[in-house]
Amino acid sequence: MTRLFCTIILLATFALPAAADDAVDLDKWFRDGYAALYVENAWDRADEFAQYFADEIAYRSDDGLVTSDVDDFVVNSLEVWRDEGWVGSDVANLETRPLNATTVVFDIKWHDRNADGSTDSECGWYIADKIAGKWRLSQYIQTTCAD
C-alpha cells in the first residue's frame with residue numbers, strides 16, 4: 001500500500017508540471033503567434049495565418065455550423081474589416097484551457113481599434129486540435145463579452 005501511495009505521488013509530481021508547461025506553451029503559441037498577427041496591418045500578413053489553421057475551419061453563424069478554409073475564414077474577413085475601418089486588435093484577455101492531450105480551448109476577448117479612433121470588444125472561443133503533431137485552430141465560436 002505504501003509503495004502504491006509513493007508511486008501515485010511521484011506520478012502526480014512529474015505529470016502536473018508537464019501539463020502546466022503545455023498550457024503555458026499553448027498560451028504563448030496563441031498570444032505571441034496567432035494573436036500577434038492582428039495587432040497592426042494584418043492584411044499584409046494574410047499568408048502567415050495559414051500556419052495556424054487546420055485545412056477546414058468550423059464556425060457558428062446565424063445559419064448554424066459553417067465550414068470554411070483559411071482564405072475564406074481569415075483572408076476575406078481581413079479585407080472586409082479593413083474596408084469597414086478596422087485597424088487592428090489586441091488581446092484584452094486570454095484563458096487557455098487544455099481539454100485533453102490533443103484539444104485546447106482559447107477563450108479570448110479582443111480589443112479592436114478602428115481608423116476613426118473608436119474601439120470595441122469581441123469575444124470568442126477558438127478550439128485547436130493537434131493534427132499531424134502540430135497545433136491547428138479548427139473551430140471558432142463567437143461569444144458574448146462579459147464586462
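Taking NZ from Lys109 and SG from Cys145, the interatomic distance works out to 5.5 Å, rounded to the nearest 0.5 Å. To the nearest 0.5 angstrom, Tyr126 atom OH is 10.5 Å from Ile57 atom CD1.
The salt bridge (Lys or Arg N to Asp or Glu O under 4.0 Å) contacts involving residues 83-103 comprise Asp90-Arg113, Glu95-Arg97, Arg97-Asp107, where partners must be two or more places apart or lie in separate chains. Under the side chain to side chain donor-acceptor pair (under 3.5 Å) criterion, the residue pairs touching residues 129-142 are Thr103-Asp129, Asp129-Ser138, with sequence neighbours excluded. Sequence neighbours left out, the pairs with a member in residues 32-43 that pass salt bridge (Lys or Arg N to Asp or Glu O under 4.0 Å) are Lys28-Asp32.
Trp43 meets the ring-ring contact (aromatic ring centres under 6.0 Å, His included) test with Trp86; sequence neighbours excluded. Considering only residues two or more places apart in sequence or on other chains, Asp116 meets the side chain to side chain donor-acceptor pair (under 3.5 Å) condition with Ser118. With sequence neighbours left out, the side-chain contact (heavy atoms from CB on, under 4.5 Å) criterion links Leu37 to Arg45, Glu48, Phe49, Tyr52. Remark: Asp69 pairs with no residue by the salt bridge (Lys or Arg N to Asp or Glu O under 4.0 Å) rule, at least two apart or across chains. The side chain to side chain donor-acceptor pair (under 3.5 Å) test applied to Arg60 returns no partner, not counting sequence neighbours. With sequence neighbours left out, Tyr38 forms a side chain to side chain donor-acceptor pair (under 3.5 Å) with Tyr34.
Following chains of ILVMFWY side-chain contacts shorter than 4.5 Å, one cannot reach Leu99 starting from Leu137, and the two form parts of different hydrophobic clusters. Each of Val105 and Leu26 belongs to its own hydrophobic cluster when Ile, Leu, Val, Met, Phe, Trp and Tyr are linked at side-chain heavy-atom distances under 4.5 angstrom.
For the side chain to side chain contact (heavy atoms under 4.5 Å, CB included) test with His111, the passing option among Val91, Asn93, Thr119 is Thr119; the others fail.
Ile127 has its side chain out of reach of Val104: every pair of non-hydrogen atoms, C-beta onward, lies at least 4.5 Å apart. Val80 places none of its side-chain heavy atoms less than 4.5 Å from the side chain of Asn76. Side-chain contact between Ile108 and Phe106 is absent, with no heavy atoms from C-beta onward closer than 4.5 Å. Proximity of Leu94 to Asp27: side-chain heavy atoms (C-beta onward) are separated by under 4.5 Å at one or more points. Inter-residue side-chain proximity for Ile141 and Tyr59 is flagged as unmet; no heavy-atom pair is nearer than 4.5 Å.
Looking at Thr67, its side chain never comes within 3.5 Å of a backbone N or O of Glu56 through a donor-acceptor pair.
Other residues, nucleotides and ligands contribute over 12 non-hydrogen atoms within 6.0 Å of the CH2 atom of Trp29. At most 12 non-hydrogen atoms from other residues, nucleotides or ligands lie less than 6.0 angstrom from CG of Asp55.
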**Message:** Checking Phe73 against Val70 for the side chain to side chain contact (heavy atoms under 4.5 Å, CB included) test, could you report, in this order, the C-alpha distance in whole Å, the side-chain angles of both residues, the deciding distance, and whether it holds?
**Reply:** CA-CA 5 Å; Phe73 184 75; Val70 70; 5.8 Å; no
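Hydrophobic cluster membership of Ile131, counting Ile, Leu, Val, Met, Phe, Trp and Tyr whose side-chain heavy atoms lie under 4.5 Å apart directly or via other members: none, as it forms a cluster of its own. Members clustered with Val75: none, using a 4.5 Å side-chain heavy-atom cutoff among hydrophobic residues. In this structure, Val87 stands alone, with no Ile, Leu, Val, Met, Phe, Trp or Tyr side-chain heavy atom under 4.5 Å from its own, directly or through other members.
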